[in-house]
2 protein chains.
Amino acid sequence: MPGLDGTGPPWWGGKFRGCGYRITVPRQAILSVLSKTEDHLSAEDIYLKVHKIYPGVGLTTVYRTLDILVNMALVFKFDFGDKRARYELREGPKGERHHHHLICTGCNRVIDYTDFVDEEKDLLDKAEKGLSKKYNFKISGHSIQFYGLCEKCK
Amino acid sequence: MPGLDGTGPPWWGGKFRGCGYRITVPRQAILSVLSKTEDHLSAEDIYLKVHKIYPGVGLTTVYRTLDILVNMALVFKFDFGDKRARYELREGPKGERHHHHLICTGCNRVIDYTDFVDEEKDLLDKAEKGLSKKYNFKISGHSIQFYGLCEKCK
DNA sequence: TTTCTTATTGAAAATCATTTTCATTAACAG
DNA sequence: CTGTTAATGAAAATGATTTTCAATAAGAAA
């Protein structure tokens with residue numbers, strides 16, 4: 001198999017080893033695909049892209065690798081309400097961008113937005129503190145999303 | 001079939017007709033179950049409860065009815081990350097309570113909370129206005145949830 | 001480099017919530 | 001009471017994801 005292109009976050013090699021995982025061609029290919037897009041790809045989207053370059057890589061491996069990447073906190077997994085999960089590298093091509101999603105219930109298009117995230121952060125921090133104390137809950141994450149109809153669909 | 005107990009929101013009879021739907025025994029039974037719980041029931045949970053009293057009612061009908069109820073805005077449909085959808089009557093036994101969810105990723109327990117919902121509402125209103133203008137998006141709803149580990153699981 | 005161990009893999013089968021199909025039944029308008 | 005047709009249940013279909021299992025390849029050790 002030909003070598004990879006070396007794109008993608010440079011640090012995951014070490015992180016992988018650190019977690020006891022082997023660095024394999026399919027895993028590199030999947031990370032490479034994720035690192036080259038701004039989109040919210042489904043497992044099958046990723047499979048198709050990887051498959052073009054490495055036809056040997058199967059869908060099962062894509063699922064397994066994505067699971068690992070999510071557990072390693074290298075990748076976000078989202079659920080936008082259609083059945084398939086979507087995946088996004090935490091550190092995108094332009095560095096980490098904290099953002100949320102605007103989901104069109106008409107065409108399933110997803111718009112990233114970064115407006116209000118600062119205000120949101122304040123509120124979320126406050127809520128997190130209050131809730132974790134009141135309910136004795138160890139909060140590890142949150143999700144905010146808006147649903148509606150995009151320009152074209154409304 | 002024996003009659004129903006007459007619990008549940010009193011107004012849905014008319015609302016049903018208004019939408020051109022027939023009032024049937026399975027539909028009444030499902031609404032009755034929903035109106036008697038504070039829990040976040042899955043379709044199968046509801047099926048099992050309904051089935052105890054009306055063994056003739058099938059799971060398919062539960063799914064179909066829930067779909068209708070969600071579309072009529074009588075019921076909320078949630079996705080807590082385990083695969084099954086959860087359903088909640090909008091107007092619960094104690095009247096409508098605007099609340100959000102704290103989801104334990106350990107045991108899948110869900111805690112309703114109403115703290116911070118006022119502050120959240122302010123933020124959400126502001127965000128909704130801003131986003132709908134900026135992205136020309138007609139916002140129809142939102143979802144906020146926190147994930148973490150509950151008392152027992154952490 | 002070569003060998004060895006075992007994590008990783010792909011293909012196919014299994015899962016499982018949800019949806020569809022279709023012949024039968026029951027709401028309810030007239 | 002009767003006719004129309006929406007609603008129903010059982011079974012089959014769907015579709016994303018997971019599991020199984022024998023074959024393969026990563027990387028430590030020799």
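Note that the coordinates shown come from a computational prediction; the quantities given were computed from them, not determined experimentally. So that the names make sense, note that chain A is the first sequence line, chain B the second, and so on, each numbered from 1.
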Peer 1: Check side-chain hydrogen bond (donor to acceptor under 3.5 Å, both in side chains) between A:Asp118 and all other residues, then give those that pass, not counting sequence neighbours.
Peer 2: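 Here no residue qualifies.
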
Peer 1: What pairs of residues pass the ring-ring contact (aromatic ring centres under 6.0 Å, His included) test when at least one of them lies in residues 25-51 of chain B, not counting sequence neighbours?
Peer 2: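 Only B:His40-B:Phe80, B:His40-B:His101, B:Tyr47-B:His51 qualify under ring-ring contact (aromatic ring centres under 6.0 Å, His included).
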
Peer 1: Apply the hydrophobic cluster definition, ILVMFWY joined by side-chain contacts under 4.5 Å directly or through others, and give me every member besides A:Leu123.
Peer 2: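 Direct or chained contacts put A:Leu123 with B:Leu123.
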
Peer 1: On the 0 to 90° scale, with breaks at 30° and 60°, tag the B:Tyr113-A:Tyr135 ring pair as parallel, tilted or perpendicular.
Peer 2: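 Ring orientation, 0 to 90° scale: tilted.
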
Peer 1: Between C:dT8 atom P and A:Ile30 atom CD1, what is the distance in whole Å?
Peer 2: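 After rounding, the reported distance stands at 13 Å.
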
Peer 1: I'd like to compare against my own output: the B/S/- annotation of nucleotides 23-30 of chain C with a strict under-4.0 Å heavy-atom distance to protein.
Peer 2: ----BS--

Peer 1: Whole Å only: how far is the CG atom of B:Asp45 from the P atom of C:dT18?
Peer 2: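 The distance from CG of B:Asp45 to P of C:dT18 comes to 10 Å, rounded to the nearest Å.
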
Peer 1: Can you name the residues that form a salt bridge (Lys or Arg N to Asp or Glu O under 4.0 Å) with B:Asp122, not counting sequence neighbours?
Peer 2: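 Applying salt bridge (Lys or Arg N to Asp or Glu O under 4.0 Å) to B:Asp122 gives none.
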
Peer 1: Taking side-chain hydrogen bond (donor to acceptor under 3.5 Å, both in side chains) as the definition, give me every residue that meets it alongside A:Tyr63, ordered by chain and number, with sequence neighbours left out.
Peer 2: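 side-chain hydrogen bond (donor to acceptor under 3.5 Å, both in side chains) list for A:Tyr63, sorted by chain: empty.
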
Peer 1: Whole angstrom is fine here: how far is it from CD in A:Gln28 over to P in D:dA25?
Peer 2: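 About 15 Å, once rounded to whole Å.
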
Peer 1: Quick one: list whatever passes salt bridge (Lys or Arg N to Asp or Glu O under 4.0 Å) with B:Arg86, sequence neighbours left out.
Peer 2: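 Scan of B:Arg86 (salt bridge (Lys or Arg N to Asp or Glu O under 4.0 Å), adjacent residues dropped) gives B:Asp82.
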
Peer 1: Who pairs with B:Arg84 by side-chain hydrogen bond (donor to acceptor under 3.5 Å, both in side chains), at least two apart in sequence or on another chain?
Peer 2: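 Expected list: B:Glu44.
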
Peer 1: Going 5' to 3' along nucleotides 12-20 of chain D, which nucleotides have protein heavy atoms under 4.0 Å from the base (write B), which only from the sugar-phosphate (write S), and which from neither (write -)?
Peer 2: ----SBBBB

